[in-house]
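What you see below is based on every heavy atom in this structure, not just the backbone, and it leaves out hydrogens, waters and symmetry mates.
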Amino acid sequence: MRKLYLSDTDKKIGGVCGGIAEFLQVDSTIIRLIFAFSICFGGIGLLAYLLAWLIIPPKPKNDDN
């Protein structure tokens, strides 16, 4: 079973987009574009990113998934 974690390898700021991309098995650029568009059109993307950064746990060092 896959689990959602912040990415420790694919991150620009907090690893949120990289972690979501790893979980969904898509390119992280797609997730970053979705967040960027949602910030530009409505502003909810920034709040969602910050909340995700606080809620999603970091990837454990011994987890090889």
Side-chain angles (χ1 to χ4, degrees):
M1 179 159 131
R2 294 184 314 206
K3 295 183 182 180
L4 177 60
Y5 294 113
L6 296 174
S7 177
D8 54 352
T9 56
D10 184 13
K11 66 183 195 178
K12 301 293 181 188
I13 298 174
V16 173
C17 294
I20 292 171
E22 289 173 8
F23 181 76
L24 297 176
Q25 296 179 341
V26 297
D27 187 5
S28 60
T29 304
I30 295 169
I31 305 300
R32 287 187 179 97
L33 286 173
I34 291 170
F35 270 105
F37 283 125
S38 66
I39 289 170
C40 293
F41 301 106
I44 194 70
L46 182 60
L47 180 61
Y49 187 92
L50 293 174
L51 286 174
W53 197 0
L54 291 172
I55 294 170
I56 299 172
K59 191 172 189 177
K61 297 297 181 196
N62 60 357
D63 191 8
D64 294 332
N65 293 335

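Ile39 meets the side-chain contact (heavy atoms from CB on, under 4.5 Å) test with Leu46; sequence neighbours excluded. With sequence neighbours left out, the side chain to side chain donor-acceptor pair (under 3.5 Å) criterion links Asp8 to no other residue.
Going from atom CD1 of Ile56 over to atom CG of Leu54 covers 10.0 Å, rounded to the nearest 0.5 Å. Between the CD atom of Gln25 and the CZ atom of Arg2 there is a distance of 4.0 Å, given to the nearest 0.5 Å.
Taken together through direct or relayed side-chain contacts under 4.5 Å among Ile, Leu, Val, Met, Phe, Trp and Tyr, Ile31 and Tyr49 form part of one hydrophobic cluster. Taking hydrophobic clusters as Ile, Leu, Val, Met, Phe, Trp and Tyr residues chained together by side-chain heavy-atom distances below 4.5 Å, Ile30 does not share a cluster with Val16. Residues Leu51 and Ile44 share a single hydrophobic cluster, defined by chaining ILVMFWY side chains whose heavy atoms lie under 4.5 Å apart. When the side chains of ILVMFWY residues are joined at heavy-atom separations under 4.5 Å, either directly or via intervening members, Ile13 and Leu4 end up in a single hydrophobic cluster. Criterion: ILVMFWY side-chain heavy atoms under 4.5 Å apart, direct or through other members. Under it, Leu50 and Ile20 are part of a common hydrophobic cluster.
Using cut-offs of 30° and 60° on the angle between ring planes, the pair Phe41 and Phe37 is parallel.
The minimum heavy-atom distance between Ser7 and Gly19, with the atom names listed, is CB-N, 3.5 Å. Nearest heavy-atom pair, Phe35 versus Gly45, reported as atom, atom and distance to 0.1 Å: CD2-O, 3.6 Å. Here the shortest heavy-atom pairing between Ser28 and Gly18 reads CB-CA, 4.2 Å. For Lys12 against Arg32, the heavy-atom pair with the smallest separation is CG-NE, 3.4 Å.
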